[in-house]
Every structure is written in structure tokens, then in C-alpha cells.
Amino acid sequence: MARTKESPKTTSSLGPAEVRKTYRNMLLARTIDERMWTLNRAGKAPFVIPCRGQEAAQVGWAAGLRPTDYFLPYYRDLGVMVTLGYSARQAFLSLLGKGEDVTSGGRQMPGHYGWPDRHVITGSSPVTTQVLHAVGIAYASHLRGEDTVAATSLGEGSTSQGDFHEAMNWASIYKLPVLFVVENNGYAISSPQSKEMAVQDAAERALGYGMAGVTVDGTDFFACYEATLQAAERARRGDGPTLLEFKMYRLLPHSSDDDDRTYRSREEVEAWKERDPILRMQKHVLDAGVLTAEENEALRAEVQAEVDDAIAYAEAAPYPPVEDMFTHVYAD
Amino acid sequence: MAVRNLIDGIREAMHEEMARDERVVLLGEDVGKRGGVFRASEGLVDAFGEQRVIDAPLGESGIVGVAIGMALNGLVPIAEIQFADFIHPAFNQIVSEAAKIRYRSDNDFHVPMVIRAPFGGGVHGGLYHSQSVEAFFMHVPGLKVVIPSTPADAKGLLKSAIRDEDPVVFFEHKRSYRLVRGEIPDGDVTVPIGKARLVREGKDLSIFAYGLMAFHAEQAAETLAKEGISAEVIDLRTLLPLDREAILASVARTHRALIVHEANHTMGAGAEVAATIAEGALYELDAPIRRLTGPDIPAMPFNTPQEEHFMPNPEKIAQAARELLAL
């Protein structure tokens with residue numbers, strides 16, 4: 001099967017309105033992320049799992065799929081959720097564990113997504129369990145002759161888990177329409193990629209399963225989007241799963257409880273900030289004339305206002321009633 | 001109604017449910033052409049095809065994890081774990097995922113599925129083909145744990161498990177597959193999950209058991225009857241949810257409780273039955289609660305004398321009952 005490294009693309013089939021929307025989604029994810037971090041540092045939010053640095057890939061792979069497809073994101077995928085219509089209000093309701101939280105009614109920690117209306121399947125904290133669920137979902141779709149794809153994402157550290165390998169094996173044996181999206185941000189909490197695998201690219205692991213593996217610059221939205229489109233098309237025509245690897249950098253610590261100064265240099269982090277996917281996309285929209293500088297400022301202000309409103313709304317929203325904790329253990 | 005083996009009940013339940021509902025699929029190691037290592041799924045691949053009777057790649061976490069995905073997308077999977085001893089690689093998928101999906105999603109998602117696994121010893125299976133692991137799963141809200149002891153229950157309970165909206169861990173005692181015989185009702189007869197079975201009424205003591213031990217308890221009760229001892233036998237059938245009402249009602253009738261299981265003693269299912277009686281019927285008791293169980297050693301040895309010493313049997317149950325009545 002194909003084993004390719006994509007060269008970054010700066011053009012695509014997307015028109016200006018779609019590019020603007022994409023840029024807005026990336027900005028919204030980033031702005032939500034920044035404000036969540038601030039709330040945590042102010043003692044108002046117990047736990048935050050940041051997406052900063054991964055927005056291009058997240059928005060890219062989500063945009064490359066259809067609403068009828070199935071999404072099994074991992075905990076860092078705020079950009080995926082925003083692309084699927086997850087609002088700032090929903091994000092902050094989840095952050096604060098409020099009853100109106102669409103993902104779990106305030107039961108789960110932030111970042112544990114699930115949203116049946118948008119085919120986002122509920123996730124947990126033990127990593128990589130979701131990739132097997134994606135295979136089962138794809139099997140069911142395939143059995144019924146539907147042309148839907150199940151796409152699941154994970155960090156490069158999760159490629160060390162047995163569930164990842166069992167899932168790749170299943171999907172390739174049965175040629176199932178599954179996209180395995182590895183958001184390779186270089187670190188599994190503190191462990192660098194070199195301690196998670198002996199290969200240069202996580203996508204090399206596809207070879208052993210007889211399936212396609214593609215490594216893409218994960219700071220380039222267009223490259224991520226196009227690679228996803230191609231992989232989804234391959235899956236839909238019955239040519240089986242693809243392992244998509246998007247290489248990028250986690251600009252923040254693993255979580256609000258982590259301190260990355262203990263395991264990586266400030267120079268390294270600063271160097272990657274030069275390759276911030278938001279700055280890259282901003283440059284593109286300005287250079288390509290999608291937005292003028294004034295329109296860009298207005299868009300940023302609009303996003304900030306949306307987030308301000310969301311925080312106020314979520315802070316005022318009620319917690320779920322205590323007695324509700326006993327519901328939905330089993331079917332009623 | 002013909003007299004049949006317990007495993008025939010398992011096979012018939014799967015066959016009828018797959019014929020009734022095209023969403024039902026079976027996946028597991030060697031479940032296709034081989035019909036499962038115990039022949040529980042014999043003939044199913046011929047009847048329903050390879051797409052619905054799926055020879056899974058060898059890996060228990062994969063089998064259960066893929067089954068969860070199927071259940072999330074409109075199928076009703078039966079995941080067969082070849083031996084209960086091998087279920088542990090799937091523990092995370094069962095406990096962290098299947099059991100919690102409804103709860104963690106605030107009822108947005110649920111996984112109607114059955115995880116079947118042959119358990120128990122007495123077949124020279126050694127340490128890793130003899131284990132009784134039901135207590136691990138009994139501690140997990142969100143799961144149901146079901147263990148049939150008769151051919152009729154094997155069919156009726158498995159049908160109920162397949163139709164249940166929540167994940168059911170269904171343990172089948174492998175020694176009972178062809179040892180326990182009985183009539184199996186024809187057609188669509190289900191047995192409700194969560195209800196114990198009064199196997200035999202008695203006045204002098206209650207024996208609580210499940211799986212092969214319920215069968216042995218019944219044999220023990222026959223022996224005791226000849227000695228003038230009237231033993232009531234309750235087959236728990238379902239460990240989660242446990243039929244606490246039936247347990248307390250029986251103790252209120254007999255005032256003595258003997259709990260039997262093959263799993264090791266400490267923190268076994270018997271501990272929960274004993275605690276239920278202590279909390280709800282202590283003043284009904286005329287004697288301390290007695291547990292007859294497998295020993296607290298890591299697993300069942302392969303050699304004949306040690307295996308026999310590990311297993312409770314009708315003689316040991318009868319003896320424990322006599323001792324309890326002497327108190």
C-alpha cells in the first residue's frame with residue numbers, strides 16, 4: 001500500500017467563504033483555549049486540556065469529512081468539535097461541569113466529547129479505547145452498505161497501546177472505512193516521540209498492516225484537509241483504512257496540572273511558536289485577500305465577544321441536581 | 001420438549017435471536033467454521049454467513065472494543081471470549097467503556113451487547129482454563145452479570161441478555177455444557193434477568209448457588225432429603241443485579257444460609273450474599289452464615305487430586321449443610 005509524505009499544500013478546492021469559515025473555527029478554538037487556561041489560573045476551572053498548536057490539523061480533518069460520518073476524537077480535539085458546530089457556550093458549560101453540558105451533562109471532565117446530533121461518539125480517559133469503537137462502527141456501516149466513514153484521532157503516544165494495533169489489524173483485514181488520525185505533537189505528556197516508537201513517522205506503522213499511511217505537516221490546514229479528503233474517498237470506495245499522521249507541536253503543557261519546563265527547553269517551545277498554525281492561516285487569509293487587515297481585526301473581536309458571552313453564560317448556569325447522579329446507570 | 005445439553009440452549013438462543021433480528025451478530029475467536037472451541041456456535045456461520053458470524057483476529061480487547069463500536073452503530077453484538085480466563089485483556093473495554101457509556105454520556109449513547117465466556121473448572125483445564133472471574137464484573141455498576149445453570153435457563157437468559165439494552169456479561173460453566181441436561185422449551189421463551197430461581201423448597205436451610213454449583217446444590221439437597229434434612233436451593237441466576245429480595249425471603253423461611261461458589265473465597269459473590277443477609281435478615285438467623293467456596297489460591301491446579309480438592313461438589317455441599325444444622 002501507499003506510504004507517502006505529503007508536501008505542504010497552500011491551495012485547495014475551498015473557496016474564500018469556506019477558507020474564512022475555517023480560519024474562524026481555528027480562531028474560535030484558540031480563543032476558547034486561551035480563556036479556559038486563564039480561568040484555570042484564576043482558580044475558576046479545575047482542569048483544562050489545551051489544543052493550542054493543533055488547530056490546523058483538527059479543523060482540517062474534521063472539515064474533510066461529512067456530517068453523516070462518525071467522529072471519535074480524543075481529549076485535545078477542541079478544534080474538531082468547533083468545526084462540527086460546538087459553540088463557545090457549550091465548551092465553557094463543559095469546562096465548568098454545568099448541567100447543560102451537551103457532552104455529558106457535567107459528568108465528565110472537559111475534553112471528553114460526545115454529541116450524538118453530530119455523530120461524535122462519547123469518549124473516556126483511558127487512551128486509545130476509542131479506536132476499536134471506530135472499527136466496530138465502520139463494520140456496522142459497511143454491513144449495511146452505507147458509505148459513511150468512521151474517523152478517530154489519538155496522540156502519537158497512543159500508538160503504543162495494544163488497542164491501536166488491534167484496531168489497525170481489524171480495519172485492514174476487513175478493509176473497513178476507518179481513518180486513524182494521529183495528531184503527532186511530539187510528546188506524550190513528558191515522553192518524546194523517541195520513547196514511544198523507533199520509527200521516524202508514526203504513519204510507518206501502517207505498512208505492517210497492509211494499509212495506507214500518510215505523514216502530513218500538521219500546521220498546514222490545507223495539507224491536512226486534502227489528505228483527509230483523499231483518505232475518506234479511499235475508504236468510501238472500499239479500499240480500506242488509512243493511517244493519517246499530522247505532525248505538529250503541543251505549544252502548552254499536557255494539561256493545566258502539568259509543567260513542561262521539567263522536560264523540554266524554552267528554546268524548543270519558542271522555536272515552534274514561530275510555526276503557530278493560527279499565524280500561518282492568518283498570513284494566508286491576508287495574503288490571499290480572503291480578509292483585509294480590518295476585517296481580520298473585526299473577526300477576532302467577534303470571536304472574543306462570543307467567548308466573553310459564553311463564559312458569562314456558563315458561569316451563571318446551574319449545576320445538575322445532586323439526585324441526578326443516580327440516573328442512567330442502566331436503561332430506565 | 002426434548003432433553004438436551006446446556007450448550008444446546010446457548011446455541012439455540014443465538015440461532016433464534018439471529019434469525020429474529022438481523023442486527024444480532026456474533027464475533028469471537030474460532031466462532032465461524034469451527035463453531036467455537038466448545039461448539040456453542042456450530043452451524044451459525046452456515047445459517048447467517050461470515051459477515052454476521054465473524055472469526056475475529058486473536059485479541060480479546062479487540063473483540064470487545066469492536067463489539068462496543070458495533071453496538072454504538074445499531075448492531076447487537078455477541079462477543080465470545082474463548083475462556084473467561086482470557087477476558088482480562090478486555091477488562092478495560094468492559095469496565096471503562098461498555099459499563100460506563102450510558103452513564104458518562106448522560107444517556108446519549110448505550111451499548112446493547114453480550115459478552116459470553118465459558119468459566120469454571122473440573123475439566124483439567126489447569127490454571128488458565130478453569131477460572132471463575134465473575135466477582136470482578138459484579139463490582140461494576142453499568143454491567144449485568146448472568147450465569148445460567150440449566151439448559152432452559154441457558155436459552156431463556158441468553159435471549160434476555162441479547163435483548164437487553166445494556167451490556168451483559170454472560171458466564172457459562174464449561175463443565176455444565178454437556179453435564180447438565182434438561183428440557184428446553186421450544187420457541188421464544190425468555191427468562192428475566194435479575195430474578196433468582198427457587199430450585200427446591202425446604203425448611204431447614206437455604207443453599208445459595210449459581211452455575212454448576214446450583215446443579216450440585218440440587219444433588220446435595222436430594223442426598224440431604226434422604227437423611228431427613230429439608231434444604232431449600234436458590235439458583236441466583238443473576239449476580240448483578242442480585243435478587244436480594246429472594247435471598248432475604250428464603251432466609252426468613254429457613255433461618256440458615258449456606259452459600260456455595262467455586263470462585264475463591266475472599267470477596268467472592270458469596271461475600272455480597274452474606275452481607276445482604278447480615279444487613280437485611282440478621283435476626284432471622286439461627287446460625288452463622290456459612291460459605292463453601294474455592295480456596296484462596298491463585299488458580300486451579302491441573303493435577304487430578306488438587307483439582308478435585310479445589311472444586312466444591314455435592315458431597316462437600318451436603319457435609320457443609322450438616323455442619324450448619326449441627327450449630
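Note on naming: letters A, B, ... go to the chains in the order of the sequence lines (proteins, then strands), and numbering restarts at 1 for each one.
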So OH of Tyr174(A) and CD of Glu50(B): to nearest 0.5 Å the spacing works out to 7.5 Å
Could you tell me whether Phe47(A) atom CZ has more than 12 heavy atoms of other residues or ligands within 6.0 Å of it?
-> yes
Give, as side chain, backbone, both or neither, the part of Ala331(A) having an atom under 4.5 angstrom from any heavy atom of chain B.
-> both
For Ala140(A) against Asn73(B), the heavy-atom pair lying closest together = CB-O, 3.4 Å
The reported gap from OG in Ser61(B) to NE2 in His165(A) (rounded to nearest 0.5 angstrom) is 12.5 Å
Count the heavy atoms belonging to other residues, nucleotides or ligands that lie under 6.0 Å from CD of Glu22(B), then report whether that count exceeds 12.
-> no
Can you name the residues that form a side chain to side chain donor-acceptor pair (under 3.5 Å) with Tyr74(A), not counting sequence neighbours?
-> Gln54(A)
Is the backbone of Asp166(B) close enough, under 3.5 Å, to the side chain of Tyr330(A) for a donor and an acceptor to pair up by distance?
-> no
Non-hydrogen atoms of chain A under 4.5 Å away: do they reach the side chain of Ala71(B), the backbone, both or neither?
-> neither
Cut-off 4.5 Å, heavy atoms of chain B, and the answer for Ser125(A) is neither
What residue in Asp164(B), Ile63(B), Ile54(B) has the most heavy-atom pairs under 4.5 Å with chain A?
-> Ile54(B)
Heavy-atom distances under 4.5 Å only: say whether Val120(A) touches chain B with side chain, backbone, both or neither.
-> backbone
Relative to chain B, which of Val135(A), Thr129(A), Val329(A) shows the most heavy atom pairs under 4.5 Å?
-> Thr129(A)
Examine whether an atom of Ile173(A) lies under 4.5 Å from a heavy atom of chain B, and if so say whether it belongs to the side chain, the backbone or both; otherwise answer neither.
-> side chain
If one checks every heavy atom of Ser124(A) against chain B at 4.5 Å, the contacting part turns out to be both
Working for side-chain contact (heavy atoms from CB on, under 4.5 Å), residues Arg144(A) and Leu75(B) | CA-CA 10 Å; Arg144(A) 291 192 294 260; Leu75(B) 297 182; 4.3 Å; yes
Residues passing the salt bridge (charged side-chain N to carboxylate O under 4.0 Å, His left out) test with Arg23(B), sequence neighbours excluded, are Asp21(B)
Ranked by heavy-atom pairs below 4.5 Å to chain A, first place among Gly62(B), Gly74(B), Ala67(B), Pro141(B) goes to Gly62(B)
Is it the case that more than 12 heavy atoms not belonging to Glu146(A) sit under 6.0 Å from its CD atom?
-> yes
Could you walk me through whether Val25(B) and Leu143(A) pass the side-chain contact (heavy atoms from CB on, under 4.5 Å) check?
-> CA-CA 10 Å; Val25(B) 299; Leu143(A) 186 65; 4.2 Å; yes
At a heavy-atom separation under 4.5 Å, does Val102(A) approach chain B through its side chain, its backbone, both, or neither?
-> backbone
Contacts of Arg116(B) that satisfy salt bridge (charged side-chain N to carboxylate O under 4.0 Å, His left out) - sequence neighbours left out = Glu80(B), Glu172(B)
Residues 90-115 of chain B vs chain A, non-hydrogen distance cutoff under 4.5 Å, contacting residues -> Asn92(B), Gln93(B), Ser96(B), Glu97(B), Ile101(B), Arg102(B), Tyr103(B), Arg104(B), Ser105(B), Asp106(B), Asn107(B), Asp108(B), Phe109(B)
Closest heavy-atom pair and its distance - Gly69(B), Ile137(A) | O-CG1, 3.2 Å
Run the numbers on Trp170(A) and Leu27(B) for side-chain contact (heavy atoms from CB on, under 4.5 Å), then give the verdict.
-> CA-CA 12 Å; Trp170(A) 263 91; Leu27(B) 66 160; 3.8 Å; yes
Which heavy atom in Asn169(A) sits nearest to a heavy atom in Pro57(B), and how many Å separate them?
-> ND2-CB, 3.7 Å
